[in-house]
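Please read the structure below before turning to the comments.
Letters A, B, ... are given to chains in the order of the sequence lines, protein chains preceding strands, and every chain is numbered from 1.
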Amino acid sequence: MDYRNTLNLPETDFPMRGNLPKKEPEILKSWEEEKLYEKVQKAREGRPKFILHDGPPYANGDIHLGHAINKVLKDIIVKYKTMMGFDAPYVPGWDTHGLPIEQQVIKKLGVNRHAVSALEFRQKCKDYAEKYVGIQREEFKRLGVRGDWEHPYLTLQKEYEAAQIGVFGDMTKKGYIYKGLKPVYWCPSCETALAEAEIEYADKPATAIYVKFAVRDGMSALIKENTFVVIWTTTPWTLPANLAISVHPELTYAVVTAQQEHWVVAEGMLESLRSLWKLELPVERTLSGKDLEGVICINPLMDRDSVVVCGEHVTLEAGTGCVHTAPAHGEDDFLVGKKYGLPALCPVDHQGKFTAEGGAYVGLKTGKANPVIVEDLKNSNDLVLEETIEHSYPHCWRCKSPIIFRATEQWFASIDGFRQAALDEIEKVRWIPAWGRDRIFNMIAERGDWCISRQRTWGVPIPIFYCEDCGKVLVNDHSITKVQDFYRQEGSDAWFAHSAMELLPEGTACECGGLKFRKETDIMDVWFDSGTSHAGVLKQRTELSWPADLYLEGSDQHRGWFNSSLSTSVAAFGQAPYRNVLTHGFVVDEQGRKMSKSLGNGVDPLKVVQELGADILRLWVSSVDYKNDVAASPRIMKQMSEAYRKIRNTLRFLLSNLNDFDPAKDKVSYQELQEIDRWALLKLSKVVERVLLGYESYEFHWAYHTIHNFCTIELSAVYLDIVKDRLYVEGKTSLLRRSAQTVLYEVLDSLVRLLAPVLSFMAEEIWLYIPGEKSAENVQIAEMPKVNSEWMDEELANRWDQILALRTDVAKVLEIARQEKLINHPLTAQVDLYPTNEQYESLQQVPNLAEIFIVSSLVMHQPNEERPEGVQPAEVHKGLGILVQPAKGEKCERCWMFQEEVGKNEEHPTICPRCSDVVSENSSRLID
RNA sequence: GGGCCUGUAGCUCAGUUGGUUAGAGCGCACGACUGAUAAUCGUGAGGUCGAUGGUUCGAAUCCAUCUAGGCCCA
């Protein structure tokens, strides 16, 4: 007789291999068709809200791994919070304005920006941005991210733009917005400001000159007679704008004798200067840069004061260590000038020509002025040396001509106006990890004013008017409200489509009485766009609320979005827009190096999804400690697939043993369970506790490792292995089998919920296979399992730690016997235990050690019994002897255990008594 | 150069207030099973805890310096 059919072997349609690249799109389709997002929102209507506000990625290009981490982390949190009972809407957003899109439009579409109208150009930019919003949206959806993809927020949306200039209006009203000068890259030939990305560096010969600045007032540091500070510059034309000389406060400077005069240069440059100038330059004395601070020199061209200031930007790479400083013509110069209250004097106009402020050089172009200035210095005996050098110099990307640095008028937000309030708000926010607080605090504490002007087209125009008569600025509640109305109707295109007259309320007049106005041409920095999303999104949409519970972005956003959002929010509303800020690190390779094209170490998330599946990528995100940088490589992704398979197979095994189980009818009460069943529930409860703690503290890798270890050790290697015998061999409806099934069901039901935020696709797939009535149609709508305190039996836990340690001891001895070819499968073995007195007492209480060791029989000897040859010492249970020998009796054909009784039953001569009982009972049942 | 951060087995992570031979899983090697089978089980080998110096009876853990790397500035 073939007894195989009398066993309850596992059976399920749930496939062992996921075939995710094919299966996931099908699941996605079903989510879309059933409108899962809306369904979830509906199910959580009226529940407490948890608002995670999405930081908008830039709508340009395909998504990369950094995007993937960010979005998956957000998705895990949103799904977890939902399953904890919160109403957690997720509205994804995109940043859609700005220079990179302009550049792409110009490059890819071949659009000449000046050949088309601003409105046409902006339309092209909009098309481009929307195209990439569409592409990225599909890519994000493919990752399994649940959100309101049909209604995302875009910074180019009309309502958004209207809200944005509302914030600008608030800030204006509070006096935080002002107009000032700032040096920018400027192309005199195109007559336009250039962004950093529009600069190309090329080698260019230049006239470098060493110039003496006579000391007018040496303070206590220098004598004034016959003393000069010597500077070096490669741009002589900036000398008319010189207002200062920068020295490094910690460098040593030397007063040297030269041509019967006293010259001041950095001590560290003396050697090279001696050979260059062909002078001996004996040192008279030295002093520190700090000592020189405040010394007043004379600009030899303009007969104007030039004060010595201290700056950290001074180096000894070239020159004299005394750096010519013209605040209007350089970033460092501007910053140090600002520190010392120097104006950004800019005697050069938009065509690169000297203005009247340029004195003798008025009308000259900067290039032409260079030789004239050198000649003048030579004549006045202020030139030490002139040399020609080759250096890398920025050029305009379009016309290829050299650019200049030039201070131009820009709109600024004055950080000083609300700096303290922002710092106070930082203290109220919870920063995760905690050092995020230090990072943003230092930045806000030290940052200069925020230049929000951009001389570009693709963005939100700064809603300010100027009186045509007197030039005075006009911006007030009325003008802002009117422009907002226009933006709400037509978007910010309205600024370009309508005249100032139309955009202003009727009857608007300047203080001077003027009635004609012109519009500001600058647009806002895109950081102002995204930085006002709290106003444009959280305050606009009814399903959201302000402030957000959580912002979650890469750590670079301390300077970026966290910063701009905080600034606009504190400035306009006096409060931070977020309660918690969570940051993640960057993706690096296995060696910890950043991903780059040249190293070729990049990992493409789309490829991972295509080849392995989104769940693998999601599992990877969950497995790493993302607060640090995270490593990615094909090898690591492969490792994740294997972890995935282990989890999947474990759950599949649970399913396959539950195909005849109806929890409503067949569940066994806790009191009736076997000890090992209770042990499994105890471990499950600890897993639930640990995983929930992991999710709650945003330590998803705790959850991952806990679940993976649980599947591998407690389930696969221990409980499931042991309980197979009961499941397969005992009667289908027997208490022993139903007890084990009860545990399997509880484990499955808990694990699938715990996994759902991470392995969303797999959890959904499994959910359909779980027997019995379900609490929700989709696992994502179900609630997280709760820790069952009844199962948390610490006494049981301690006792079973000992028993399982013994199991390991026995396994080692079994392995020795296996190598000696005494046995192979553990069921071919008999185990004899030779315990100490103490061990005997405790081990005797465990009734089913053979079952736990999965051997055919176990003999417990008396403590004082003599130990025969071949007894091995146990490793953990010191003093215990373990003997393994071939099991006695015949192999039961049905349960495969070796029993001496096999063959004694006439009706069933090839099976053991236990099996014959089950078989008989089954057949009698069949007769009923 | 400055601000912030990181460096524990090949990989992903543990390591509680400094306290015995530094742990887990994966991977790897070897073996077993063939009733979880493109599965499953067992055993084993892998670490001068980035480096050096210090504090201490005792340091992966505290301090200093260096080094490798990351983000943001300059």
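The same atom, P, is picked in B:C63 and in B:A24; the two are 29 Å apart, to the nearest Å. A gap of 12 Å separates the C1' atoms of B:G18 and B:U55, to the nearest Å. To the nearest whole angstrom, the two C1' atoms, one in B:C49 and one in B:A22, are 8 Å apart. Distance noted for atom P between B:G27 and B:C66: 42 Å (whole Å). For the P atoms, the distance linking B:U52 with B:G3 amounts to 27 Å, nearest Å. Nucleotides B:U16 and B:A32 are separated by 41 Å at their P atoms, to the nearest Å. Spacing of P atoms, B:A51 relative to B:U67, comes out at 15 Å, to the nearest Å. For the C1' atoms, the distance linking B:A14 with B:U61 amounts to 14 Å, nearest Å.
If you take CZ of A:Phe653 and P of B:G35, they are 13 Å apart, rounded to a whole angstrom. Across the protein-nucleic acid pair, A:Asp2 atom CG and B:G35 atom C1' stand 11 Å apart, rounded to whole Å. With rounding to whole Å, A:Met637 atom CE is found 15 Å from B:C26 atom C1'. When the C1' atom of B:C72 is taken as reference, atom CD of A:Glu446 falls 12 Å away, rounded to whole Å. The interatomic distance linking A:Arg648 (CZ) with B:C26 (C1') rounds to 19 Å, in whole Å. Distance A:Lys594 NZ to B:G69 P: 11 Å, rounded to the nearest Å. Distance NZ (A:Lys812) to C1' (B:G42): 10 Å, rounded to an integer number of Å. Atom CD1 of A:Ile713 is separated from atom P of B:U40 by 14 Å (rounded to the nearest Å).
Counting any heavy atom pair closer than 4.0 Å across all strands shown, A:Glu642 reaches sugar-phosphate atoms only and no base atom. Residue A:Leu7 is in base contact, counting any heavy-atom pair closer than 4.0 Å across all strands shown. Using a 4.0 Å heavy-atom criterion, one finds that A:Gly585 contacts no nucleic acid atom at all. Among the protein residues, A:Lys646 comes within range of the sugar-phosphate backbone only, with heavy atoms under 4.0 Å from sugar or phosphate atoms but none that close to a base. Counting non-hydrogen atoms under 4.0 angstrom, A:Trp620 reaches nothing in the nucleic acid. A:Asn649 comes within contact range of at least one nucleobase, with a heavy-atom separation under 4.0 Å. A:Ser633 comes within 4.0 angstrom of nothing in the nucleic acid, heavy atoms only. No contact: A:Thr828 has no heavy atom under 4.0 Å from any strand. Within 4.0 Å of A:Ala643, counting heavy atoms only, lies no atom of the nucleic acid at all. A:Leu814 comes within contact range of no nucleotide atom at all, as no heavy-atom separation falls under 4.0 Å. Residue contacts for A:His558: at a heavy-atom cut-off of 4.0 Å it reaches no nucleic acid atom on any strand shown. Counting non-hydrogen atoms under 4.0 angstrom, A:Arg894 reaches a base of the nucleic acid. Backbone-only contact: A:Arg645 has heavy atoms under 4.0 Å from sugar-phosphate atoms and none from a base. Among the atoms of the strands shown, only primed sugar atoms or phosphate atoms (P, OP1, OP2) are found under 4.0 Å from some heavy atom of A:Asp625.
Listed candidates were B:G3, B:C11, B:C41. Nearest to the side chain of A:Ala717 is B:C41. Closest to the A:Asn709 side chain, of the nucleotides B:A24, B:C4, B:C41, is B:A24. When the nucleotides B:G42, B:U40, B:C72 are ranked by their closest atom to the side chain of A:Asp721, B:U40 comes out on top. Taking every side-chain heavy atom of A:Thr808 into account, B:U43 is the closest of B:U43, B:C4, B:U12. Distances were taken from every side-chain heavy atom of A:Arg17 (C-beta onward) to each of B:A38, B:C4, B:U40; the shortest belongs to B:A38. Here the nucleotide nearest the side chain of A:Met16, chosen from B:U37, B:C72, B:C13, is B:U37. Taking the side chain of A:Tyr728 as heavy atoms from C-beta on, and the options B:G35, B:G42, B:U12, the nearest nucleotide is B:G35. With B:A32, B:C73, B:C71 as the choices, the nucleotide that has an atom nearest any side-chain atom of A:Arg559 turns out to be B:C73. With B:G35, B:A32, B:A36 as the candidates, the nucleotide lying closest to the side chain of A:Leu9 is B:G35.
Under the Watson-Crick or G-U wobble criterion, with both distances below 3.5 Å, B:C71 is paired with B:G3. In this structure B:A45 sits in no base pair that meets the Watson-Crick or G-U test at under 3.5 Å. Base-pair partner of B:C62: B:G54 (Watson-Crick or G-U wobble, both distances under 3.5 Å). Remark: B:A36 base-pairs with no nucleotide; criterion is Watson-Crick or G-U wobble with both hydrogen-bond distances under 3.5 Å. Partner assigned to B:A14 is none, using Watson-Crick or G-U wobble distances below 3.5 angstrom.
Residues A:Ile426 and A:Trp431 approach most closely at O-NE1, 2.9 Å, considering heavy atoms. Residues A:Glu730 and A:Arg737 share a closest heavy-atom pair of O-CD, 4.0 Å. The two residues A:Cys895 and A:Val729 come nearest to each other via the heavy atoms CB-CG2, 3.7 Å. Nearest heavy-atom pair, A:Ile882 versus A:Ala874, reported as atom, atom and distance to 0.1 Å: CD1-CB, 3.8 Å.
Between the side chains of A:Tyr626 and A:His701, no donor N or O sits under 3.5 Å from an acceptor N or O. Counted by atom type alone, A:Gln741 and A:Asn657 present zero donor-acceptor pairs between their side chains at under 3.5 Å.
Across the interface with RNA chain B, nearest-nucleotide mapping of A:His701 and A:Ser656 shows A:His701 to be the residue nearer the 5′ end. The 5' end of RNA chain B is approached more closely, in terms of each residue's nearest nucleotide, by A:Leu651 than by the other of A:Leu651 and A:Phe586.
The shortest distance between the side-chain N/O atoms of A:Lys724 and the OP1/OP2 oxygens of B:A36 is below 4.0 Å. Of the side-chain N and O atoms in A:Thr712, none sit less than 4.0 angstrom from OP1 or OP2 of B:A24. At B:G35, one or more side-chain N or O atoms of A:Arg4 fall inside 4.0 Å of OP1 or OP2 (strictly under the cut-off). Within the 4.0 Å cut-off from OP1 or OP2 of B:C33, at least one side-chain nitrogen or oxygen of A:Asn824 is found. When the side-chain nitrogen and oxygen atoms of A:Tyr3 are compared with OP1 and OP2 of B:G35, none of them lie within a distance under 4.0 Å.
Here the CZ atom belonging to A:Phe562 is positioned 7.5 Å from the CD1 atom belonging to A:Ile440, to the nearest 0.5 angstrom. For the atom pair NE2 (A:His825) and NZ (A:Lys891), the distance works out to 8.0 Å, reported to the nearest 0.5 Å. Considering OG1 of A:Thr808 and CD of A:Glu875, their distance stands at 9.5 Å, rounded to 0.5 Å.
The glycosidic torsion of B:G54 lies more than 90° away from 0, which places this base in the anti conformation.
Cation-pi check for A:Arg437 over A:Phe441 is met; the charged atom lies under 6.0 angstrom from the ring centroid and within 45 degrees of its normal.
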